[in-house]
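The next block holds one structure in the form of structure tokens; read it before the comments.
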Amino acid sequence: MPFLTASQAAEVRERFGTPCYVYDRAALERTARRLLALKAPYGFTLRYAMKANPSREILVLFRDLGLHVDASSDWEVARARRAGFAPARIQLGAQMPSTRLAEHIRDGVLLNACSLHQLEAIGRAAPGHSIAVRMNPGLGSGSTKRTNTGGPSASFGIWHEYLDDVKSLAARHRLTLRTLHTHIGSGTDPDVWQRVTRMTLDLAEQLPDVAVVNLGGGFKVGRMPEEPTADLDDVAAHVRRELDAFRARHGRSLHLEIEPGTYLVAQAGAVVATCIDVVDTGKDGYLFAKLDTGMTEVTRPSLYGAQHPIDVMATGREAAEVVFVGPCCESGDILTPAPGDPEGLGPRWVSRPRVGDLVIVGGAGAYCAAMSTINYNSYPQAPEVMLDPDGTLRLVRRRQSLDQMLENELGPS
Ligand SMILES: *Cc1c(COP(=O)(O)O)cnc(C)c1O
């Protein structure tokens, strides 16, 4: 495993039980510093898309390193503020129209209009305000349809052909469109990045007040050794050239923003689990290892057919081809689906597991704790632990108790 030794994993189980999320503080800090060092010719802002992992520990670490935040809901804005982010460092871009526009405007939270309806609502609430607008440039990327957030099959942002409506709504409410935002999904294809940068700048050309372009997140991280990882230096070098060319053509210097989620946190998280049963379905069937973790902590495989590395902490065993499944009474609770196909099975060659083995699911820093199906089968929400750079394991969120799971229920006793 990249960051947990066998003895650290054993310590996690002994002190906090399994399943348990563990985050690697040194890796979080290293990745954030690397991205902060990216160069843009006319200024650069790094926003953390906090929906990837809104743990307070991670938010506070990134706040102290100087990152800004991309919030996907009013709730995330509130969470970022509780973690101490200044309102001016938070940009809200949501699917759900904000119900707290007046408050955000008063406090200086930045607003990103993600539909014409939202643009109109912001214009009514804050005439004369300076805002961001999210456009769908007409092209997407991403490994599956479900992680693709641009192009005609994505509902996110304002379709690029409606730019005239954007302009007339903005003019009617005297809004200044200061930031142009696009976010097209989790891809690695440099060609797609180049085309989207170009399309975004073509839109910027038509919006004379735009001083900031935000190219979103979606920088792919290969969690499995065979999967590619986006080369950010390459992306940045290309974007620099485009921004220089834009300035040469139009005399405007554009400040660059990016807002990765995955890239900042994915590899810095793991789930420590226990093998709770081993069963098979005969000689033409499969060998299954059941873990005490599954869709309740790592939902991405059942949702997208996403691949996470799985290590059985055992040495000197024969190898076996194993399908890993979770503990829910639910046939979709599979940790090793076929790649990109949540309905298929993708057995892995690993040390043949036995009941009681420690098992580590890697690549679990992004969209795992944040996107879990907690409390299905009434399993409690798993705890979170920080591995500090000195090797200390520190509990940062307790395991949920039965009382907490039930505390909002009313009715017969
Ligand atoms: C989810 C999201 C991101 C982050 O995407 P990653 O694939 O995690 O990098 C960035 N911007 C917006 C608007 C998002 O919705």
Side-chain angles (χ1 to χ4, degrees), residues 28 31-32 34-35 38 45-55 58-59 62 67-77 79-80 89-98 109-115 118 131-137 140-151 154-158 179-189 192-193 196-197 200 212-223 227-232 235-236 256-269 299-300 303-304 306 308 363-371:
L28 291 165
T31 311
R34 226 195 101 213
L35 294 198
L38 289 174
T45 299
L46 179 62
R47 271 183 201 288
Y48 172 48
M50 66 178 279
K51 73 179 192 288
N53 190 328
S55 159
I58 294 176
L59 292 178
F62 288 168
L67 277 68
H68 296 223
V69 153
D70 167 58
S72 294
S73 68
D74 286 334
W75 298 95
E76 284 195 348
V77 172
R79 218 163 159 174
R89 293 197 160 214
I90 303 171
Q91 180 159 289
L92 170 63
Q95 289 290 92
M96 176 95 92
S98 175
V109 171
L110 306 173
L111 300 172
N112 185 7
C114 296
S115 72
Q118 287 187 18
I131 63 160
V133 63
R134 176 171 179 177
M135 301 294 295
N136 177 341
S141 180
S143 43
T144 70
K145 282 221 172 68
R146 293 203 182 157
T147 52
N148 184 346
T149 53
S155 71
F156 307 102
I158 301 171
T179 300
L180 173 62
H181 178 280
T182 54
H183 167 70
I184 63 149
S186 314
T188 45
D189 187 344
V192 173
W193 274 107
V196 166
T197 307
T200 304
V212 181
V213 281
N214 180 326
L215 294 177
F219 305 98
K220 173 154 172 85
V221 168
R223 293 172 177 82
E227 290 175 342
T229 292
D231 181 341
L232 281 201
V235 171
L256 176 67
E257 284 191 9
I258 57 169
E259 49 184 28
T262 304
Y263 199 92
L264 281 161
V265 294
Q267 298 291 56
T299 314
R300 304 178 67 256
L303 206 55
Y304 312 132
H308 286 258
Y367 305 105
C368 286
M371 204 173 72

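Computed from heavy atoms alone, side chains included, the values below leave out hydrogens, waters and symmetry copies. Start at 1 and go down the list; that is how both ligands and their atoms are numbered.
- How far CE of Met135 is from SG of Cys114: 11.5 Å, rounded to the nearest 0.5 Å.
- Residue Tyr263 has no N or O atom closer than 3.5 Å to an N or O atom of ligand 1.
- Residues forming a side-chain hydrogen bond (donor to acceptor under 3.5 Å, both in side chains) with Tyr263 (at least two apart in sequence, or on another chain): Arg34.
- Within the 4.0 Å heavy-atom shell around ligand 1 one does not find Phe156.
- Residue contact check: His181 has heavy atoms under 4.0 Å from atoms 13 (C) of ligand 1.
- Looking at Lys51 next to ligand 1, an N or O pair under 3.5 Å apart turns up.
- Near Pro260, meaning under 4.0 Å from any of its heavy atoms, are these atoms of ligand 1: 9 (O).
- Short contacts between ligand 1 and Gly261, defined as distances under 4.0 Å to a heavy atom of the residue, involve ligand atoms 4 (C), 6 (P), 8 (O), 9 (O).
- Among all heavy-atom pairs drawn from Ala236 and Leu38, the shortest one is CB-CD2, 4.1 Å.
- Of all the atoms in ligand 1, the ones that sit under 4.0 Å from a non-hydrogen atom of Ala49 are 3 (C), 4 (C), 10 (C).
- Taking 4.0 Å as the cut-off, Gly93 does not count as a neighbour of ligand 1 on heavy-atom distance.
- Taking CZ from Arg134 and OG from Ser115, the interatomic distance works out to 11.0 Å, rounded to the nearest 0.5 Å.
- Remark: the backbone N or O of Lys220 is not paired with any side-chain donor or acceptor of Glu227 at under 3.5 angstrom.
- No donor-acceptor pair under 3.5 Å is formed between the side chain of Thr262 and the backbone N or O of Ala366.
- In summary, the atoms of ligand 1 found under 4.0 Å from a heavy atom of Gly218, numbered by their order in the structure, are 5 (O), 6 (P), 7 (O), 9 (O).
- A donor-acceptor pair is defined here as one N or O able to donate and one able to accept, closer than 3.5 Å; such a pair exists between the side chain of His308 and the backbone of Gly363.
- Looking at Arg134 next to ligand 1, no N or O pair under 3.5 Å apart turns up.
- Under a 4.0 Å criterion applied to the non-hydrogen atoms of Tyr367, ligand 1 contributes the atoms 1 (C), 4 (C), 5 (O), 6 (P), 8 (O).
- By the criterion of a heavy-atom distance under 4.0 Å, the side chain of His183, and not its backbone, is placed next to ligand 1.
- With sequence neighbours left out, Asn53 forms a side-chain hydrogen bond (donor to acceptor under 3.5 Å, both in side chains) with Tyr23.
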